[in-house]
Amino acid sequence: MVTARTLPSRRLSVAPMMDWTDRHCRVFHRQITRHTWLYTEMVTTGALVYGDVARHLQFNEEEHPVALQLGGSDPADLATSARLGQQWGYDEINLNCGCPSERVQKGAFGACLMAEPQLVADCVKAMRDAVSIDVTVKHRIGIDQSESYDFVRDFVGTVAGAGCRTFIVHARNAILKGLSPKENREIPPLKYDFAYQLKRDFPDFEIIINGAIKTQDEIDLHLRQVDGVMLGREAYHNPYSMAQFDQRYYGDDSAVKSRDEVLAAMIPYIQAQLAKDGGRGLKLNSITRHMLGLMQGLAGARGFRQTLSDASKLAAGDANLLLEAAARVAQHA
């Protein structure tokens, strides 16, 4: 397990994304960047308190540094879940105060928690009392028509009273009624200056910005104002955009893996996963679906995606399909 003394900074991270950032996706991303923080999909406290803990919390040692994002609003259940997260070896516990989906709202957590900052503070305190690893909060800048900076400033100030020192700021409002989660990622306007102002008002806190950030130039611009940048969809759809992160942001002089080297590194992992339980259960597509964007921007990328999405080839369960897909790109070189 990676200890607190060896963890890199949260200068760069990949956002928790439902149905996307599962353990296979994280292993794939780790082949591209060694130091960027990776986050799980949101795991609800109910799934851990009443469900199959191993299914939700198992991960691979090479994923470190990796954070467990929790969804919930009951301090006792969150404390139990955070404790489990630490026992399983996660490096950070993150509380979701940003998801706007109706399912999450019905559970009275996610973005609607921003309306109850004292409850969030109680949740953070309960988790911090239960674990020795960092407890962080990911949140929006407002909900519905609460659009003044004062709203998010007061939220952060209240939660900080419980000892939280790291805030991941998705720089949009969450509209709880009338917009889908997808629309909530696109329609409410971005207000990066709110995150910048939080850093100015709370200089001793770690402020990480999130929201439609794509390029290294954009990352560099944000890092002049805040402590870290969290990438979402760009990291997923164009994962090789992270290939320079270790050198550029962490001072790691190790050679950057080529796309072909990334694929080669994934083959033994896929073979091992497919061999578990006698080859029953896991489908090849469970892993390869996260890899479709690896060749984005290259001639032959479409053929690469087609090969990795071919149902008949996937059914054969042969990890060497990655090499066949790569050949569709190589022929254009």
Just distance, no hydrogens or angles: give the donor-acceptor pairs under 3.5 Å from side chains in residues 109-125, sequence neighbours left out.
residue: Gln118; atom: NE2; partner: Asp122; partner atom: OD1; Å: 3.1
residue: Lys125; atom: NZ; partner: Asp129; partner atom: OD2; Å: 2.8

Between side-chain atoms of residues 222-232 and protein atoms elsewhere (two or more places apart, or another chain), which donor-acceptor pairs fall under 3.5 Å?
residue: His222; atom: ND1; partner: Tyr196; partner atom: OH; Å: 2.7
residue: Asp227; atom: OD1; partner: Lys199; partner atom: NZ; Å: 3.2
residue: Asp227; atom: OD2; partner: Lys199; partner atom: NZ; Å: 2.8
residue: Asp227; atom: OD2; partner: Ile207; partner atom: N; Å: 2.8

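Identified under the salt bridge (Lys or Arg N to Asp or Glu O under 4.0 Å) test for residues 298-314, with sequence neighbours left out: Lys313-Glu324. Applying the side-chain hydrogen bond (donor to acceptor under 3.5 Å, both in side chains) test to pairs two or more places apart or on separate chains, those with a residue in residues 204-214 are Arg10-Glu206, Lys138-Asn210, Thr166-Glu206. Among pairs with a residue in residues 149-158, those fulfilling salt bridge (Lys or Arg N to Asp or Glu O under 4.0 Å) read Asp150-Arg153, at least two apart in sequence or across chains. Residue pairs that meet the ring-ring contact (aromatic ring centres under 6.0 Å, His included) test with at least one member in residues 300-319, sequence neighbours left out, do not exist here. Residue pairs meeting the side-chain hydrogen bond (donor to acceptor under 3.5 Å, both in side chains) criterion with at least one member in residues 37-53, sequence neighbours excluded: Tyr39-Glu92.
When the salt bridge (Lys or Arg N to Asp or Glu O under 4.0 Å) test is applied to Arg233, the partners found at least two apart in sequence or on another chain are Glu186. Asp318 is linked by a side chain to side chain contact (heavy atoms under 4.5 Å, CB included) to Asn320, counting only residues two or more places apart in sequence or in another chain. For Ser132, the side chain to side chain contact (heavy atoms under 4.5 Å, CB included) partners at least two apart in sequence or on another chain are Gln86. For Lys177, the side chain to side chain contact (heavy atoms under 4.5 Å, CB included) partners two or more places apart in sequence, or in a different chain, are Gln105.
In this structure, His64 has its ring center closer than 6.0 angstrom to the ring center of Phe59.
Side-chain atoms of Asp252 and Ser254 include a donor-acceptor pair closer than 3.5 Å.
Within 6.0 Å of CZ in Arg165 there are more than 12 heavy atoms belonging to other residues, nucleotides or ligands.
Proximity of Met242 to Tyr249: side-chain heavy atoms (C-beta onward) are nowhere separated by under 4.5 Å.
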Discussion item. Pair Asn96, His139 - check side-chain hydrogen bond (donor to acceptor under 3.5 Å, both in side chains), show working.
Written reply: CA-CA 7 Å; Asn96 184 323; His139 59 91; over 6 Å; no

Item to complete: Give the intermediate values and the outcome of side-chain hydrogen bond (donor to acceptor under 3.5 Å, both in side chains) for residues Gln197 and Asp201.
Response: CA-CA 6 Å; Gln197 188 63 46; Asp201 287 346; 3.0 Å; yes

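Tyr250 places no side-chain N or O within donor-acceptor distance of the main-chain N or O of Arg34, the cut-off being under 3.5 Å.
Under the 4.5 angstrom side-chain criterion for Ile, Leu, Val, Met, Phe, Trp and Tyr, the cluster partners of Leu179 are Ile175, Ile187.
Under 4.0 Å is where a charged nitrogen must lie from a carboxylate oxygen, and between Glu63 and Arg26 at least one such pair does.
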